[in-house]
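Okay, structure first, notes after.
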Amino acid sequence: MNMEKPKVSVEEYLWVARFYDRMMKHVNYGAWSKYVMRMFDLARRDIRDVADLSCGTGRHLHHFIKAGFHCLGADISMPMLRVACSRPTVKNRLWQQDARHPAIKENSMDAVIMLFDSVNYLRRENEIRQLFEKVDRILRPGGLFVFDTVTEYMIRLHMTEYFETETWDDLAYERRSAYNAKTRMQYNNFSILRQGQLIRERHSQRIWTHKEMTGFIEKSPLTLLDARADFKKKPVQPRTERIHYILLKPKT
Ligand SMILES: C[S@@+](CC[C@H](N)C(=O)[O-])C[C@H]1O[C@@H](n2cnc3c(N)ncnc32)[C@H](O)[C@@H]1O
């Protein structure tokens with residue numbers, strides 16, 4: 001191993017993008033996408049145009065396109081989008097955009113999605129408010145915004161002092177997670193070993209409570225239709241690990 005000082009990445013997903021799909025190989029994106037598609041029955045309009053504002057490597061997007069939706073994928077991370085570009089189904093539908101300022105035409109989408117902790121990457125209250133306002137603008141009346149968040153219960157249970165390592169032929173990584181209960185910030189610290197070089201990358205996520213999130217929604221132009229726990233139709237409870245929020249842009 002090279003004993004040079006490690007390279008420290010200032011950008012989330014700059015290096016993790018290279019092995020994100022391998023790290024997430026246990027995730028059933030097909031079933032997750034179908035779970036979200038079933039929520040579309042709650043929309044007060046037909047759903048055809050769908051924007052994934054944090055599509056990452058395009059795995060949900062792939063399933064939505066396969067299911068016949070007319071989709072566009074956006075993400076703030078160019079390295080994640082580069083991986084998505086290697087998927088023939090999604091490669092011509094990608095844009096680098098920040099979900100807080102999406103450059104998408106007003107009233108042009110029937111549904112907007114942001115899945116797999118993406119909203120936890122918005123760490124300030126004003127960023128969440130901004131997101132809701134922007135999503136409201138791009139949705140058609142009667143359209144839906146579906147996103148999920150991880151709960152503090154899940155973080156305390158699985159991710160407070162979580163540790164994992166993986167080694168492949170081209171690289172190896174170590175991931176150490178930590179949680180600051182005071183600030184409700186959760187950190188994933190990656191050490192990546194690639195061609196003898198050690199690279200460090202840190203991801204920070206804000207763990208929003210259900211009460212906080214419903215408070216933000218109440219103050220937004222969108223209406224909360226449902227909040228579903230743990231990939232079921234059941235309501236949120238103290239032991240819920242992941243919440244999917246289904247928001248409606250009311251018809252005026
Ligand atoms: C955990 S990944 C999930 C990616 C993808 N949705 C999936 O299910 O695999 C979180 C994603 O959110 C993206 N992200 C974080 N902040 C963002 C922002 N402000 N605008 C757009 N994308 C953002 C990251 O670049 C990353 O691709």
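Sequential numbering from 1 along the given sequence is applied to the chain's residues. All ligand and atom numbering here is 1-based and tracks the order in the structure.
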Mind running salt bridge (Lys or Arg N to Asp or Glu O under 4.0 Å) on Asp49 and Arg140 for me, showing each step along the way?
-> CA-CA 10 Å; Asp49 295 304; Arg140 295 184 176 121; 2.9 Å; yes
For Asp226 and Arg228, what are the C-alpha separation, side-chain angles and deciding distance, and is it a salt bridge (Lys or Arg N to Asp or Glu O under 4.0 Å)?
-> CA-CA 6 Å; Asp226 205 1; Arg228 295 186 180 170; 2.8 Å; yes
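Side-chain N or O atoms of Glu127 include one that pairs as donor or acceptor with a backbone N or O of Arg123 at under 3.5 Å. Without hydrogens or angle criteria, Asp230 side chain to Lys232 main chain gives no donor-acceptor distance under 3.5 Å. Remark: side-chain polar atoms of Asp75 are paired, donor with acceptor, to backbone N or O of Gly56 under 3.5 angstrom.
Among residues two or more places apart in sequence or in another chain, the ring pair (Phe, Tyr, Trp, His ring centres under 6.0 Å) test is passed with His210 by Tyr245.
Protein residues lining ligand 1, listed by chain and number: Tyr13, Tyr20, Tyr29, Leu53, Ser54, Cys55, Gly56, His60, Asp75, Ile76, Ser77, Met80, Gln97, Asp98, Ala99, Arg100, Leu115, Phe116, Ser118, Tyr121, Leu122 [non-hydrogen atoms, distance under 4.0 Å].
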